There are 2 protein chains.
Amino acid sequence: MKELSAIAVDVTPPDRFREYLGTQAKRLTRERSIIVDEVFASHEHFDAEQLVARLSQRTDGNRVSRSTVYRTLAELEKAGLLRKVARSNDREIYEHDYGYPQHDHLICKKCGELTEFQNPELNEILQQVAAQYGFRMEGHRLEVSGICAACSRPPSRGHRKLDMI
Amino acid sequence: MKELSAIAVDVTPPDRFREYLGTQAKRLTRERSIIVDEVFASHEHFDAEQLVARLSQRTDGNRVSRSTVYRTLAELEKAGLLRKVARSNDREIYEHDYGYPQHDHLICKKCGELTEFQNPELNEILQQVAAQYGFRMEGHRLEVSGICAACSRPPSRGHRKLDMI
DNA sequence: ATGAGTGCAAAAAGTTTGCACCGCT
DNA sequence: AGCGGTGCAAACTTTTTGCACTCAT
């Protein structure tokens, strides 16, 4: 995935999660730690199934069940650590929502690549529109679809993650 | 739903659908006609289940099965008559994509209301961004989430379609 | 101890599909 | 005739949930 650079963060994701859980009288269990570590090991977009695949097949003591993955993803979302960015192949796609700048995505219809981009004007415009409708904006989700640069040069058959039939 | 005004259309949806079907060696059956008529009877956002409910309970000769509704929605999408605008309550929400201006939506988290808005600058910005990344933009989906004007005045308990628990 | 959390299997919910029959062209 | 379309029920996918057991605090 093409990504923007990270922002300096004072508190690490695990810390922030613990913090959030504390306010909810919830516990930071071994399973939840494993999940946070795995999720924040790299700034990749992912879906629940991919995470389940990685965590439920571990043979050591770090295995986590499918149910717990789903339940924890929901907590991480509430904690502001993750957010759903898009939906692809009938699955919700998650990304880090902590320690990274606000941004939107270009989604290639051919290879599925998600490219992040930032545009300050965009938010200004949305603020204006919301104000105009008396709408209290809390967030947005913008997916620009089309064909990415790599896939636009067909001769070399550059970039086809989606060849899976 | 709050909506924008219609654009003058030369060809009616049924005509356009027939046209499309022709190019695909497909047929405009009685069932498909019933569905197009129902779908374009009003400019409302809807999901498959709502359409199924309306069409599968008819007692006269105009009943259409669930399968056919799903299959035809897919055709209407390919024909450029409908598009998925959002996902609400785990269902895809459709709207007319023919005879109506391009626009985006404000989605109220409380009542679920979809409000359409138009902003020319938005598209310009996306064009620029796409160009910058060598991305061939084909479309976009923008959902602005927050609280609508009606739901922002809680005392009167104005507007709560989602009170369904 | 005590109530939150986990894993499992079963259940939901939305959507898709195999198949036998139907009906345009 | 031939092929596309329909309806039904069963299958599938992703996500959620009931329950008995486990464990963090």
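Below, read A as the first sequence line, B as the second, and so on, with proteins coming before strands; counting in each chain starts at 1. The structure presented is a predicted model; accordingly, all values stated were derived computationally and were not measured.
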Check: Going from CD1 on A:Ile35 to OH on A:Tyr70, what distance comes out if it is rounded to the nearest 0.5 angstrom?
Finding: 12.0 Å
Notebook entry, point to check: When B:Ile34 is tested against each of B:Val39, B:Val64, B:Thr68 for side chain to side chain contact (heavy atoms under 4.5 Å, CB included), which residue passes?
Noted result: B:Val64
Next item on the list: Enter the distance from A:Cys108:SG to B:Arg136:CZ here, rounded to the nearest 0.5 Å.
Entry: 9.0 Å
Margin query: So if I take residues 53-65 of chain A and measure heavy-atom distances to DNA chain D, which residues fall below 4.0 Å?
Written below: none
Notebook entry, point to check: Heavy-atom contacts under 4.0 Å between residues 31-41 of chain B and DNA chain D, which residues?
Noted result: B:Glu31, B:Arg32
Item checked: Under the ring-ring contact (aromatic ring centres under 6.0 Å, His included) test, residues paired with A:Tyr94 that sit two or more places apart -> A:Phe46
Check: Does B:Tyr20 have any ring-ring contact (aromatic ring centres under 6.0 Å, His included) partners at least two apart in sequence or in another chain, and if so, which?
Finding: none
Checklist line | Counterpart residues, side chain to side chain contact (heavy atoms under 4.5 Å, CB included), relative to A:Asp37 (two or more places apart) | finding: A:Pro14
Item checked: Net bend of the helix from C:dA1-D:dT25 to C:dT25-D:dA1, end axes of five pairs each, nearest 10 degrees -> 30°
Next item on the list: Considering just the side-chain nitrogens and oxygens of A:Thr29, establish if one lies under 4.0 Å of OP1 or OP2 belonging to C:dG5.
Entry: no
Next item on the list: For A:Asp60, enumerate each residue passing the side chain to side chain contact (heavy atoms under 4.5 Å, CB included) test, keeping only those at least two apart in sequence or located in another chain.
Entry: A:Arg58, A:Asn62
Check: Which whole-number value in Å describes the distance from B:Lys26 NZ to D:dT6 P?
Finding: 11 Å
Note to self: As an exercise, state the distance from CD1 of B:Ile125 to CG of A:Asn119, rounded to the nearest 0.5 Å.
What the structure shows: 5.0 Å
Next item on the list: Could you pull out all residues at least two apart from B:Arg66 that satisfy salt bridge (Lys or Arg N to Asp or Glu O under 4.0 Å)?
Entry: B:Glu49
Check: Whole Å only: how far is the CD atom of B:Glu75 from the C1' atom of D:dG5?
Finding: 11 Å
Item checked: Sequence-distant partners of B:Ser33, side chain to side chain contact (heavy atoms under 4.5 Å, CB included), two or more places apart -> B:Leu28
Distance-only donor-acceptor pairs under 3.5 Å for side chains of residues 137-149 of chain A, two or more places apart:
from: A:Glu138; atom 1: OE1; to: B:Lys109; atom 2: NZ; distance (Å): 2.8
from: A:His140; atom 1: NE2; to: A:Asp104; atom 2: OD1; distance (Å): 2.8
from: A:His140; atom 1: NE2; to: A:Asp104; atom 2: OD2; distance (Å): 3.3
from: A:Arg141; atom 1: NE; to: A:Glu143; atom 2: OE2; distance (Å): 3.4
from: A:Ser145; atom 1: OG; to: B:Gly139; atom 2: O; distance (Å): 3.2

Next item on the list: Drop me the distance from A:Leu81's CG to A:Leu73's CG, to the nearest 0.5 angstrom.
Entry: 11.0 Å
Check: How many Å lie between CG on A:Leu73 and P on C:dT6, as a whole number?
Finding: 12 Å
Checklist line | side chain to side chain contact (heavy atoms under 4.5 Å, CB included) partners of A:Asp97, counting only residues at least two apart | finding: A:Arg83
Next item on the list: Scan nucleotides 11-23 of chain D nucleotide by nucleotide, 5' to 3', and note B when protein non-hydrogen atoms come under 4.0 Å of the base, S if they reach only the sugar-phosphate, - if neither.
Entry: ---SBBBB-----
Note to self: How many whole angstroms separate atom CD of B:Gln50 from atom P of C:dT15?
What the structure shows: 11 Å
